[in-house]
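Inspection log for the structure reproduced underneath, given as structure tokens.
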Amino acid sequence: MNGNMLSFDEAYEKLLGFVRPVREIENVDTMVAAGRVLAVALNSTINQPPMDNSAMDGYALRAADVPAVGTRLPVSQRIPAGSVGHALQPGTAARIFTGAPLPPGADTVVMQELCEHDGEHVVINTVPMPGEAVRRMGEDIAEGEQVLPAGLRLTPQAVALAASVGAAQLPVYRRLKVAVFSTGSELVMPGEPLPPGGIYNSNRFMLRALLVGLGCEVEDFGIVPDRLDQTRDVLRRAAEGHDLILTSGGVSVGEEDHVKPAVEAEGSLDMWKIAMKPGKPLAYGRVHGAAFIGLPGNPVSSFVTFLLMVRPFLLATQGVREVAPQSLMLRADFDWPRPDRRREFLRARMNAQGGVELFANQGSAALNSTVWANGLVDIPAGTPVAWGEQVRFLPYGDLLH
């Protein structure tokens, strides 16, 4: 704890403790399953490969039939991929291509680069060992073996693996349904004239894109003026048929901040101060059965808090088992001599020299820092950093997916 603030880890665990995972399962075609969360572990119903086959183009033969370099064998058959040869007669070779089944009687494949074609014969310019260039039945996946665990967010390579063992459909959890809206009479949509005191609404675009990137179904309820009655009305409508209501701004205690009293009137709300920078304020509650999360209004604070807090909450709610982001230990190509009392997440990027450097302006309104960066440097509270020390780096590549 830091005064009356929650530590980052305390807030993280507290938020995940409120997760109510979805239970509804639907079967979808494997072709369109990427990005979904697998609800039931997938076991293979076949061996992969399903039979002994050639790992390359060459000649299938018995190793014992090639006692010396330069052995000359008649070519008795040709086996392209997708066809099945007949039993190999002793003292002969079969022309074979990558992926083709090894004919009965053969125990090795010699790559074509080590052979010379000689009319109806082949000259073998090596002494092979049994099993060379042969992929054995079931060596990648055995029948009955688990190939994908439950709770996995399906990647392109995961759906390819599912397809390789014959899975035409996969059982996945239904998509999360998220309602979003922005609060603030000062907010203006891009394309509209910017009045005095107005600002263009960037958080609306950012949050929607982040949610879509995590596989959520998003309904945007627009910009809500700073009025309590309208805020309560939108909350009621947003709660219908949605798992989560996500907002940015308006959760402080100012006279024009109506989200807090509106959520309290329609449900329950817990206001947190988190010892993190940027970020600090976060609100969690429930409104008529839907979870509610209120993010800070500053765009960088909203962005960072989403990645570090909302992302794992959403993944866990989707049924994902592993929600913690991956990190790297990299050399700091910067000095950070005046650390904050709070845990800091600095916009940074890896450089060509294998280190990590900081964006010059780390202010919570510097949205351009989030574009320049390709990740966040995690600085423990009160910890100075000197050039050349190791720091923990959280790549966007994991945080955004």
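This chain uses plain numbering: 1 for the first residue, then up along the sequence.
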Determine yes or no for a side-chain-to-main-chain donor-acceptor pair under 3.5 angstrom, with [X] supplying the side chain and [Y] the backbone.
X: Arg341; Y: Ala381; answer: no
X: Thr98; Y: Asp57; answer: yes
X: Asp340; Y: Arg342; answer: yes
X: Asp220; Y: Gly222; answer: yes
X: Glu344; Y: Pro339; answer: no
X: Asn361; Y: Gly363; answer: yes
X: Ser302; Y: Asn298; answer: no
X: Arg331; Y: Gln353; answer: yes
X: Gln230; Y: Arg227; answer: no
X: Asp52; Y: Val134; answer: no

Would one find more than 12 heavy atoms of other residues, nucleotides or ligands at under 6.0 Å from atom [atom1] of [X]?
X: Gln157; atom1: CD; result: yes
X: Lys14; atom1: NZ; result: yes
X: Met206; atom1: CE; result: yes
X: Met129; atom1: CE; result: no
X: Glu264; atom1: CD; result: yes
X: Arg208; atom1: CZ; result: no
X: Arg236; atom1: CZ; result: yes

For the atom pair [atom1] ([X]) and [atom2] ([Y]), what is the distance rounded to the nearest 0.5 Å?
X: Tyr12; Y: Leu308; atom1: OH; atom2: CG; value: 9.0 Å
X: Ile141; Y: Ile46; atom1: CD1; atom2: CD1; value: 7.5 Å
X: Asn374; Y: Leu394; atom1: CG; atom2: CG; value: 11.5 Å
X: Asn201; Y: Ser182; atom1: CG; atom2: OG; value: 4.0 Å
X: Asp9; Y: Met276; atom1: CG; atom2: CE; value: 11.0 Å
X: Ile96; Y: Ile79; atom1: CD1; atom2: CD1; value: 4.5 Å

Taking all heavy atoms of [X] and all of [Y], pick out the closest pair and write down the distance.
X: Ser248; Y: Thr183; value: O-OG1, 3.7 Å
X: Asp333; Y: Gly355; value: OD2-CA, 3.6 Å
X: Pro278; Y: Val304; value: CG-CG2, 3.9 Å
X: Ala11; Y: Met309; value: CB-CE, 3.7 Å
X: Gly198; Y: Val188; value: CA-CG2, 4.5 Å
X: Ala239; Y: Val287; value: CB-O, 3.3 Å

Got [X] and [Y] here, is their nearest side-chain heavy-atom distance under 4.5 Å?
X: Leu88; Y: Ser76; result: yes
X: Asp65; Y: Ile124; result: no
X: Ile245; Y: His288; result: no
X: Thr71; Y: Val127; result: no
X: Asn43; Y: Gln146; result: yes
X: Gln362; Y: Lys277; result: no
X: Val356; Y: Phe334; result: yes
X: Thr370; Y: Phe359; result: no

Please assess His242 against Lys177 for the test side-chain contact (heavy atoms from CB on, under 4.5 Å), listing each intermediate value before the final yes or no.
-> CA-CA 5 Å; His242 292 97; Lys177 298 177 181 179; 4.0 Å; yes
Please determine which of Leu244, Asp270, Thr247 meets the side chain to side chain contact (heavy atoms under 4.5 Å, CB included) test together with Phe292.
->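 The passing option is Thr247.
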Option passing side chain to side chain contact (heavy atoms under 4.5 Å, CB included) with Gln112 (candidates Met56, Arg95, His117) |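 It is Arg95, the one option of Met56, Arg95, His117 that forms the side chain to side chain contact (heavy atoms under 4.5 Å, CB included) with Gln112.
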With no hydrogens and no angle check, do the side chains of Asp398 and Gln326 hold a donor and an acceptor under 3.5 Å apart?
->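 Looking only at side-chain atoms, Gln326 and Asp398 do not form any donor-acceptor pair under 3.5 Å.
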Applying side-chain contact (heavy atoms from CB on, under 4.5 Å), run through Leu246 and Val218 and close with a yes or a no.
-> CA-CA 10 Å; Leu246 184 66; Val218 183; over 6 Å; no
Phe303-Phe345 aromatic ring centre distance below 6.0 Å =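 No, too far apart.
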Could you give me the CA-CA distance, side-chain angles and deciding distance for Val310 and Leu295, then say whether side-chain contact (heavy atoms from CB on, under 4.5 Å) is met?
-> CA-CA 9 Å; Val310 180; Leu295 293 172; 3.7 Å; yes
Hey, is Arg174 close enough to Glu217 for a salt bridge, meaning N to O under 4.0 Å?
->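 Judged by the 4.0 Å cut-off on N to carboxylate O distance, Arg174 and Glu217 do not form a salt bridge.
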Arg232 and Glu266 ion-paired at < 4.0 Å =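 Looking at Glu266 together with Arg232, the answer is yes, because their closest N to O distance falls below 4.0 Å.
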Pairs in or reaching into residues 188-197: which pass salt bridge (charged side-chain N to carboxylate O under 4.0 Å, His left out), with residues at least two apart or in two chains?
->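 As it turns out, there is no salt bridge (charged side-chain N to carboxylate O under 4.0 Å, His left out) pair with a partner in residues 188-197 once direct neighbours are skipped.
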Test side-chain hydrogen bond (donor to acceptor under 3.5 Å, both in side chains) applied to Tyr284 and Arg286, step by step = CA-CA 7 Å; Tyr284 175 82; Arg286 297 200 70 84; 3.3 Å; yes
side-chain contact (heavy atoms from CB on, under 4.5 Å) between Gln318 and Arg175, intermediate numbers included | CA-CA 7 Å; Gln318 289 174 326; Arg175 294 186 185 276; over 6 Å; no
With sequence neighbours excluded, tell me which residues meet salt bridge (charged side-chain N to carboxylate O under 4.0 Å, His left out) with Asp378.
->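 Partners of Asp378 by the salt bridge (charged side-chain N to carboxylate O under 4.0 Å, His left out) criterion, ordered by chain and then number, come out as Arg343, Arg392.
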Could you walk me through whether Asn27 and Gln169 pass side-chain hydrogen bond (donor to acceptor under 3.5 Å, both in side chains), step by step?
-> CA-CA 6 Å; Asn27 290 312; Gln169 290 191 322; 4.9 Å; no
